[in-house]
Asker: 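I'd like to ask some things about the structure below.
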Number of protein chains: 2
Amino acid sequence: MTAGEVFARRGFRDATVREISTLAGANLAAVNYHFGDKKGLYSAVIACGLTSGEAFPPAEFAIEAPAEEKLRAYCRAFVRKILDHRKPEWHSKLMAREMAEPTEALDEMVEMMIRPHWERLSGIVSEILGVATSPELVRVATRSITAQMVFFVHARPVLERLFPGEPWSPASIDERGDEVAAFSLAALDTLRRSGGTR
Amino acid sequence: MTAGEVFARRGFRDATVREISTLAGANLAAVNYHFGDKKGLYSAVIACGLTSGEAFPPAEFAIEAPAEEKLRAYCRAFVRKILDHRKPEWHSKLMAREMAEPTEALDEMVEMMIRPHWERLSGIVSEILGVATSPELVRVATRSITAQMVFFVHARPVLERLFPGEPWSPASIDERGDEVAAFSLAALDTLRRSGGTR
DNA sequence: AATCGTTTGAAACATCCGTTTGATTCGCCG
DNA sequence: CGGCGAATCAAACGGATGTTTCAAACGATT
């Protein structure tokens, strides 16, 4: 769908049906014929994005690997998924847009994409911190790790202005994921010792 | 300015001059008379937000306090500033919007608001990690801490759906800031030992 | 080949938005 | 009071957008 790119780039309101249809090589009325109206097209795009979300995390997750290694792999894969601009760039952009400016599609989005991610990451965190850790601490840590990663998407224009010249190439994207993992593992290491049980 | 609220709530495009003027009790043409056009009004709102930004961080920063305590106070103050909805809620919302969907106003915004914050926080982080720490590590840590805090603004709709019933009252807002500080201090504690110098 | 339901096409329609206009009112100084 | 610039108001203009319309092209079935 080329409509996804336009929606991701311009937002729901700024995206015009005319631009989408001409960019897709289709007629203007085709949109209303197939999807009813503009909102129907948007819902279809969201649904497409939800189902096309390839299995995540990828197969590189050996269940027998130490939890720390799992977290590193998870961070790297997650950051790469939301930052790599090769395949479906609009996917994560649309999600970021929905977060800041939610429509009715956000509810479904949370349940089908975000909550599974959260549960997965939460499991890894709990594994690192130990089973005796309070659920609140696990949730706080999961939230902090997630925040560091989505920050690259949400604040990218700011980061580009704060540190111009910083590369956003696929190679350095992996570095960003590793940095998040390193910072988070450092935090979890201390938390496991001090506040593990209460 | 009631225009700021509308711009923050609807975004630049979705905000209509009609809604702003009627909500402000003024006439429609008054906007164009005083500000030239819609973009002029937006610039005025941004400028207002930039100058009305009260001195931050507040006076509670005793320069003789230990750096860890400074970070705690900073996180608490920052989260309170961007989340507390009593005074100028639209302020942070507008900033979050500019981040995800930048206009020409973002450049000025970064230099006048965000970079000072960054330098301040960066100084505290450097103080905690020690002078021998590499600038890259300081920057990564500063970025991670900032990410955790602005996450509350950027992903608030998602968090509300992930964990419904969670309070966002001023009292629990301070808890959120403390959680960020605790997680970050835990990370810095480990990083200071292991990767402090290289 | 004829027919009928489905899809595409260009143009028009209705609505909303930002902006302009011209008349009117207000505030003030002489 | 009278005059004058500034501010306000209702109304209208031009443009853009989502949607509709209706005719033309298509494709499978008989």
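A, B, ... follow the sequence lines: proteins, then strands. Residue 1 opens every chain.
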Asker: Roughly how many Å is it from CD1 in I20(A) to P in dT17(D), rounded to a whole number?
Answerer: 12 Å
Asker: Report the nucleotide, chosen from dA10(D), dA6(D), dG18(C), that has the shortest atom-to-atom distance to any side-chain atom of Y33(B).
Answerer: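 The closest nucleotide is dA6(D).
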Asker: I would like to know whether E98(B) and T103(B) meet side-chain contact (heavy atoms from CB on, under 4.5 Å); could you show each step before the answer?
Answerer: CA-CA 7 Å; E98(B) 274 288 329; T103(B) 72; 2.6 Å; yes
Asker: Within 45° of the six-membered ring axis of F12(B) and under 6.0 Å from that ring's centre, is NZ or CZ of R97(B) located there?
Answerer: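 No, cation not above the ring by the 6.0 Å, 45° rule.
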Asker: Just the rounded figure in Å: distance from P of dC17(C) to CZ of F7(B).
Answerer: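 Distance check: F7(B) CZ to dC17(C) P gives 13 Å.
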Asker: Is the ring pair H154(A)/H154(B) parallel, tilted or perpendicular, if the boundaries are 30 and 60 degrees?
Answerer: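 Ring orientation, 0 to 90° scale: tilted.
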Asker: For the side chain of R18(A), starting at C-beta, report the closest nucleotide among dA12(C), dT19(C), dA10(D).
Answerer: dA12(C)
Asker: Tell me the interatomic distance from D14(A), atom CG, to dC17(C), atom P, rounded to whole angstroms.
Answerer: 14 Å
Asker: Rounded to whole Å, please give me the gap between CG in L28(B) and P in dA11(D).
Answerer: 12 Å
Asker: In this structure, how many angstroms lie between the C1' atom of dC17(C) and the CZ atom of R13(A), rounded?
Answerer: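 So the CZ-C1' distance, R13(A) to dC17(C), works out to 8 Å.
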Asker: Contact class for A29(B) (heavy atom, under 4.0 Å): base, sugar-phosphate, or nothing?
Answerer: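 Answer is base: heavy atoms of A29(B) come under 4.0 Å of a base.
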Asker: Starting at atom CG of N27(B), determine the distance to atom C1' of dT8(D), rounded to an integer number of angstrom.
Answerer: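 After rounding, the gap between these two atoms is 6 Å.
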Asker: Just how far, in rounded Å, is C1' of dA16(D) from NZ of K38(B)?
Answerer: 13 Å
Asker: Closer than 4.0 Å, any side-chain N/O of H34(B) to the OP1 or OP2 of dT8(D)?
Answerer: yes
Asker: Under the 6.0 Å and 45° cation-pi test, does R176(A) pair with F152(A)?
Answerer: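 Negative - R176(A) is either too far from the ring of F152(A) or too far off its axis.
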Asker: Would you say N32(B) places a side-chain N or O within less than 4.0 Å of OP1 or OP2 belonging to dG18(C)?
Answerer: no
Asker: Measure from CZ on F35(B) to P on dA7(D) and round the result to the nearest Å.
Answerer: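 Rounded to whole Å, this separation is 12 Å.
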